[in-house]
Amino acid sequence: MSERFVVIDKNVARSDFAADVRRGLTAPRKFLLPIYFYDALGSALFDAICELPEYYPTRTEFHILQRHAAEIAALMGPRAEVVEFGAGSLRKVRLLLDAMQAPARYLPIDISAQHLAQSAVELQRAYPGLDVQPVAADYTQRLLLPAPLPGAGRRVGFFPGSTIGNFTPQEALHFFVLAGQLLRGGALLLGADLVKDPGVLHAAYNDAQGVTAQFNLNLLARANRELGTEFDLAKFWHSAFYNAPQSRIEMHLVSRERQQVAWGRDRFEFEEGEAIHTENSYKFTTEGLHALAMDAGFRPGPVWTDAGRLFSVHWLHAPA
Ligand code: AVI
């Protein structure tokens with residue numbers, strides 16, 4: 001399988017890194033959008049984060065899925081289609097595919113056709129009998145999926161990793177509305193990180209090896225590489241803390257001194273201690289997540305967690 005086999009959504013919104021960086025650096029409170037973390041280096045750093053002893057979400061979710069795969073597969077039913085939002089978790093979807101009864105088709109949706117083609121090839125090799133149909137599209141926007149296969153069972157969305165937590169509450173609601181339209185009559189299997197001891201959260205985003213700091217700083221390095229900005233990475237530090245009233249980890253890049261950053265003929269001023277807000281990672285209660293999903297017409301089903309109640313996996317019935 002090559003990129004030729006990827007269905008490309010005509011309306012796939014092209015993100016504009018330069019325009020978004022300019023908008024973020026000229027805002028009264030500076031920000032950069034977290035979607036830009038994931039260039040090749042950023043994706044490799046994120047994979048490294050997932051292996052860190054302090055970063056519990058990936059392995060906790062994996063164990064929850066592993067432990068409850070049979071029950072989840074029974075809810076999915078025979079000949080189900082799995083629609084994965086994002087194409088980054090082949091290990092996790094394999095747990096489902098291995099437990100499912102005759103899965104009909106796997107449709108990963110991702111903005112990067114190249115990333116999709118790669119993961120689709122790997123999965124197709126491991127499951128030669130499975131119909132793998134990657135779709136290059138922005139799943140935060142309205143999109144069309146190929147029609148269900150004749151005789152296919154339920155269509156089940158899979159959105160692991162608590163990526164939902166990187167959306168604002170309004171964006172999360174918008175995602176649920178769009179997912180509800182795509183999954184009509186089916187269900188959504190969603191991973192969500194839970195509210196917990198702030199010390200555990202703090203450690204997960206301030207790892208001892210400094211990988212999360214590198215991941216955060218890579219945003220500036222990427223802007224230097226791709227746009228020609230002249231950020232001196234040594235003049236910024238990684239800050240991540242839990243904002244309890246908002247139930248979210250916030251990541252920032254903080255200027256160590258008063259400085260100007262050049263970008264072509266432009267100059268961007270930073271005060272000492274001034275921050276660029278780079279990411280929010282919301283943490284949920286089951287009730288809060290259910291309220292959000294129900295606002296978009298989903299009906300709560302089973303919730304699975306680990307013994308330490310660190311992470312949750314939700315079965316949500318899609319609107320009819
Ligand atoms: C992808 N996302 C769910 C991660 C998170 O935990 O919010 C991104 C991340 N940022 C720092 N570490 C991991």
Side-chain angles (χ1 to χ4, degrees), residues 31-62 64-65 84-93 108-112 115 119 138-140 158-169 171-172 175 188-222 236-243 246-254 275-284 288-289 292 306 310-314:
F31 66 90
L32 290 170
L33 295 176
I35 50 168
Y36 296 109
F37 279 131
Y38 302 95
D39 65 347
L41 179 57
S43 300
L45 286 167
F46 180 64
D47 288 347
I49 287 175
C50 293
E51 302 291 323
L52 290 168
E54 299 94 332
Y55 194 76
Y56 61 84
T58 313
R59 73 178 152 272
T60 309
E61 182 182 51
F62 189 84
I64 295 171
L65 290 172
E84 181 160 359
F85 297 96
S89 59
L90 285 182
R91 276 186 70 221
K92 291 176 194 167
V93 82
I109 310 173
D110 199 277
I111 197 129
S112 155
H115 186 190
S119 13
D138 177 357
Y139 61 73
T140 66
F158 184 41
F159 196 31
S162 203
T163 301
I164 189 92
N166 297 131
F167 296 159
T168 64
E171 288 166 347
F175 168 79
L188 177 64
L189 185 66
L190 175 93
D193 198 7
L194 294 172
V195 167
K196 62 180 65 63
D197 175 356
V200 174
L201 289 169
H202 184 87
Y205 293 83
N206 291 280
D207 63 279
Q209 293 170 57
V211 184
T212 310
Q214 280 183 58
F215 172 72
N216 199 5
L217 283 160
N218 179 53
L219 261 181
L220 303 185
R222 178 177 182 183
F236 289 87
W237 61 277
H238 160 76
S239 161
F241 57 87
Y242 187 55
N243 177 337
Q246 302 269 14
S247 302
R248 70 190 192 200
I249 285 279
E250 292 186 15
M251 292 213 309
H252 298 259
L253 290 163
V254 184
I276 310 174
H277 190 174
T278 53
E279 188 183 58
N280 291 320
S281 188
Y282 283 86
K283 309 302 164 192
F284 300 91
L289 191 97
L292 204 55
D306 53 296
L310 294 174
F311 201 90
S312 59
V313 175
H314 299 251

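Please read all numbers here as calculations on a predicted model, not as lab measurements. Note that the numbering runs from 1 along the sequence shown for the chain. Remember, it's 1-based here, ligands and their atoms both numbered in the order they're listed.
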Counting distance only, does the side-chain N/O of Thr278 pair as donor-acceptor with the main-chain N or O of Met251 below 3.5 Å? yes
Atoms in ligand 1 flagged as close to Phe215, the criterion being non-hydrogen separation under 4.0 Å: 10 (N), 11 (C)
Contacts of Glu250 meeting side chain to side chain contact (heavy atoms under 4.5 Å, CB included) (sequence neighbours excluded), chain-then-number -> Phe241, Asn243, Arg248, His252, His277, Asn280
Which residues pass the side chain to side chain contact (heavy atoms under 4.5 Å, CB included) test with Ala221, not counting sequence neighbours? Asn218, Arg225, Leu233
Provide, to 0.1 Å, the distance between atom 8 (C) of ligand 1 and the closest protein heavy atom, together with that atom's residue and name. Glu279 OE2, 3.4 Å
Under 4.0 angstrom from ligand 1, any heavy atom of Phe37? no
Tell me, please: is Pro57 in heavy-atom contact with ligand 1, that is, under 4.0 Å? no
Nearest neighbour in protein (non-hydrogen) for atom 2 (N) of ligand 1: Asn166 OD1, 2.8 Å
Compute whether any side-chain donor of one residue and acceptor of the other, for Asp306 and Tyr56, lie under 3.5 angstrom apart. no
Above 12 or not: heavy atoms from other molecules or residues under 6.0 Å from CD of Gln246? yes
Is it true that Tyr242 and Lys196 share a donor-acceptor pair across their side chains at a distance under 3.5 Å? no
For atom 12 (N) of ligand 1, closest protein heavy-atom neighbour: Tyr205 CE2, 3.6 Å
for atom 4 (C) of ligand 1, nearest protein heavy atom and its distance come out as Tyr55 OH, 3.4 Å
Tyr38: heavy atom below 4.0 Å from ligand 1, yes or no? yes
Find all atoms of ligand 1 within a distance of less than 4.0 Å from any non-hydrogen atom belonging to Ser162, and give their numbers and elements. 3 (C)
Between the side chains of Thr140 and Asp138, is a donor N or O closer than 3.5 angstrom to an acceptor N or O? yes
Gly161 neighbourhood, listing ligand 1 atoms whose heavy-atom distance to it stays under 4.0 Å: 3 (C)
For ligand 1, is there an atom lying under 4.0 Å from some heavy atom of Gly165? no
Ring-plane angle category for Phe46 and Tyr38, please: parallel below 30°, perpendicular beyond 60°, tilted otherwise. perpendicular
Which residue and non-hydrogen atom of the protein lie closest to atom 7 (O) of ligand 1, and at what distance in Å? Ser281 OG, 2.6 Å
